[in-house]
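Following: one structure in structure tokens, then a few remarks.
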Amino acid sequence: MRALVAAHRFFLHGKGASACVAELLRFRLNRYGMLVELLAAGGSELMEGLVHAGPGDVLVTFGFQRVSPEGQVLLDYGEKAGCTTVLFTDRYVRAAGPKASIELYTYRGEPRAYHSMASAVALVDALVVGIAAQLDGPALDTLDRIRDLKRAYSHLLAR
């Protein structure tokens with residue numbers, strides 16, 4: 001948890017159904033004033049954001065059933081660049097390939113059944129609650145400033 005709380009920046013990668021979970025994580029971390037970037041879902045466009053990651057940064061990807069080629073690149077590059085890497089997965093055992101610094105397991109259903117993202121969303125929420133519990137004043141001040149802005153402009157922007 002310390003590596004996540006102390007992160008300089010977060011780079012998030014979600015592909016397919018995982019994209020919405022990555023967006024949720026981006027939204028939540030951003031509310032605490034953390035610097036968060038969503039990486040392109042696929043192809044060489046991934047490199048446009050990934051090139052900016054370095055020591056002190058956290059790279060997060062989702063590898064349910066298998067780690068995508070983009071996820072493999074992210075894990076490999078993260079290790080070489082001195083980043084903390086986080087993999088959300090529903091597999092205890094994976095094929096050979098780059099490993100994450102932190103692997104977070106969540107059960108999403110039987111292999112040949114519907115795979116719900118509900119457990120992944122719950123795990124993201126639990127992670128954010130854990131991070132929030134470790135943060136001090138400045139991060140929580142961001143929430144107060146958001147609340148103040150919403151009040152100040154409530155007459156112009158619907159809730």
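Along the sequence shown, residues carry numbers from 1.
The minimum heavy-atom distance linking Val58 with Ala7 is given by the pair CG2-CB, 3.5 Å. Looking at every heavy atom in both residues, Ala17 comes nearest to Cys20 through O-SG, 3.0 Å. Between Ala53 and Ala81, the shortest heavy-atom distance links the atoms O-CB, 4.0 Å. The shortest heavy-atom contact between Leu87 and Gly63 is CD1-N, 3.4 Å.
More than 12 heavy atoms of other residues, nucleotides or ligands sit less than 6.0 Å from atom CD of Glu37. At most 12 heavy atoms of other shown residues, nucleotides or ligands fall within 6.0 angstrom of atom CD in Glu45.
When the salt bridge (Lys or Arg N to Asp or Glu O under 4.0 Å) test is applied to Arg151, the partners found at least two apart in sequence or on another chain are Asp148. Residues that satisfy the ring-ring contact (aromatic ring centres under 6.0 Å, His included) test with Phe88, not counting sequence neighbours, are Phe62.
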Exercise. Check the pair Lys99 / Glu103 against side-chain contact (heavy atoms from CB on, under 4.5 Å), numbers first and verdict last.
Key: CA-CA 8 Å; Lys99 303 291 184 208; Glu103 291 194 6; 4.2 Å; yes
Exercise. Kindly determine whether His13 and Ser18 satisfy side-chain contact (heavy atoms from CB on, under 4.5 Å), including the steps that lead there.
Key: CA-CA 8 Å; His13 174 259; Ser18 298; over 6 Å; no
Exercise. Step by step, work out the side-chain contact (heavy atoms from CB on, under 4.5 Å) result for Phe11 and Leu50.
Key: CA-CA 8 Å; Phe11 292 85; Leu50 194 56; 5.5 Å; no
Practice problem: Go through Ile146 and Arg31 one step at a time and tell me if the side-chain contact (heavy atoms from CB on, under 4.5 Å) criterion holds. | Solution: CA-CA 8 Å; Ile146 291 170; Arg31 294 193 82 203; 3.9 Å; yes
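Cys83 contributes atom SG, which lies 4.0 Å from atom CG of Leu59 (distance to the nearest 0.5 angstrom). Atom CZ of Phe10 is separated from atom CG of Leu38 by 12.5 Å, given to the nearest 0.5 angstrom. Distance check, rounded to the nearest 0.5 Å: CZ of Arg26 to CG of Leu39 gives 13.0 Å. Atoms CE and CG, from Met34 and Leu25 in turn, are 10.0 Å apart once rounded to the nearest 0.5 Å. The structure places CG of Leu29 at 5.0 Å from CD1 of Ile131, a figure rounded to the nearest 0.5 Å. Taking CZ of Arg145 as the reference point, atom NZ of Lys150 lies at 14.0 Å (rounded to 0.5 Å).
Proximity of a side-chain donor or acceptor of His8 to a complementary backbone N or O of Pro55 within less than 3.5 Å is not detected. Side chain of Asp90 to main chain of Thr106: no donor-acceptor pair is present (N/O by atom type, distance under 3.5 Å, no hydrogens or angles). Under a 3.5 Å cut-off, the side chain of Gln72 and the backbone N or O of Val67 do form a donor-acceptor pair.
Of the candidates Asp141, Leu135, Thr142, Tyr32 forms a side-chain contact (heavy atoms from CB on, under 4.5 Å) with just one, namely Leu135.
Remark: Glu70 engages Lys15 in a salt bridge, criterion side-chain N to carboxylate O under 4.0 Å. With respect to Lys80 and Asp76, a salt bridge is recorded, a charged nitrogen being found less than 4.0 Å from a carboxylate O.
Here the side chains of Thr84 and Asp57 are not in contact, with every heavy-atom distance at 4.5 Å or above. No side-chain heavy atom of Thr61 sits less than 4.5 Å from a side-chain heavy atom of Leu12.
Connection of Leu127 to Leu35 is not established within any shared hydrophobic cluster, with ILVMFWY side chains joined at heavy-atom distances below 4.5 Å, either directly or through further cluster members. Phe27 and Val36 are not part of a single hydrophobic cluster, where members link through side-chain heavy atoms under 4.5 Å apart.
For the residue pair Ser101 / Thr85, a side-chain donor-acceptor distance below 3.5 Å is found, with atom types taken as modelled.
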